[in-house]
*Asks:* 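My structure is below; once you've seen it, I'll send some questions.
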Amino acid sequence: MKKLIIYLGTFLFIASCSTNRYDFDSIVSNEWEKCKGTTNCIIDFANLLSFKWDTMCFYSGACYLEDINKDLGFGLKEFTNTGDRVILLNNGKVVYHKEWNTKPSEAPVGTIFETDLKKFKVSKSDAKFRITKEGKAYFLTKL
């Protein structure tokens, strides 16, 4: 029984570490902590994500599923109408998908792309953003 608890604990620890390693908000937060106190905090996603990807797509909460599917050229398998989302592609296939639930009545939390665009795509080599932080929200502005 003792060994089972040790194995289970080790597994849960490893699983939680690997989950955070790919969580968009955790990556942004970690980069903010590295350059906290500087006036020009830049995040370059090309150097931070260990899996293969070539295109970052952003869709605001104003985008409907039909618009996103048309823009991507295929239908998303997982979709909830929550708010903003980022989708990372590799050779036209989804390799990462993160959604943020926005509640106008509450203070923002997580990663927020500061843009007037409803959607945008950037290549891996051009996925550079300035980070600022207010409260529990990290704001990314495209360079």
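We number each residue from 1, following the sequence as shown.
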*Asks:* Just wondering, are more than 12 heavy atoms of other shown residues or ligands nearer than 6.0 Å to NZ in Lys136?
*Replies:*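 No, NZ of Lys136 has 12 or fewer neighbouring heavy atoms, counting only those of other groups under 6.0 Å.
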
*Asks:* Can you check side-chain contact (heavy atoms from CB on, under 4.5 Å) on Val86 and Trp100, steps first, answer last?
*Replies:* CA-CA 9 Å; Val86 68; Trp100 292 273; 3.6 Å; yes

*Asks:* When the ring centroid of Phe24 is compared with that of Phe45, is the distance short of 6.0 Å?
*Replies:*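 Yes, the ring of Phe24 comes within the 6.0 Å limit of the ring of Phe45, centre to centre.
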
*Asks:* Do the non-hydrogen side-chain atoms of Met56 and Asp126 ever get within less than 4.5 Å of each other?
*Replies:*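 In short, these two side chains do not touch, never coming nearer than 4.5 Å.
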
*Asks:* Would you say that Tyr96 contacts Trp53 through its side chain, given a criterion of any heavy-atom pair below 4.5 Å between the two side chains?
*Replies:*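 Not touching, per the 4.5 Å side-chain cut-off.
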
*Asks:* Is any side-chain heavy atom of Ile68 less than 4.5 Å from a side-chain heavy atom of Leu76?
*Replies:*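 SC-SC contact between Ile68 and Leu76 confirmed.
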
*Asks:* Give me the atom names and distance for the closest heavy-atom approach of Ala137 to Val109.
*Replies:*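 Of all heavy-atom pairs spanning Ala137 and Val109, the closest is CB-N, 4.2 Å.
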
*Asks:* Side chains of Asp84 and Ser60: donor-acceptor distance under 3.5 Å anywhere?
*Replies:*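 The answer is no; no qualifying pair exists.
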
*Asks:* Is the shortest side-chain heavy-atom distance between Lys52 and Val95 below 4.5 Å?
*Replies:*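 Side-chain contact under 4.5 Å: no.
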
*Asks:* Quick check: do Ile87 and Phe58 have side-chain heavy atoms less than 4.5 Å from each other?
*Replies:*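 No. Closest side-chain heavy atoms not under 4.5 Å.
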
*Asks:* More than 12 foreign heavy atoms under 6.0 Å from CZ of Phe74: is that the case here?
*Replies:*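 Yes, because the 6.0 Å sphere around CZ of Phe74 holds more than 12 heavy atoms from other groups.
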
*Asks:* Under a plain distance cut-off of 3.5 Å, with no hydrogens placed, do Asp67 and Tyr59 share a side-chain donor-acceptor pair?
*Replies:*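 Looking only at side-chain atoms, Asp67 and Tyr59 do not form any donor-acceptor pair under 3.5 Å.
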
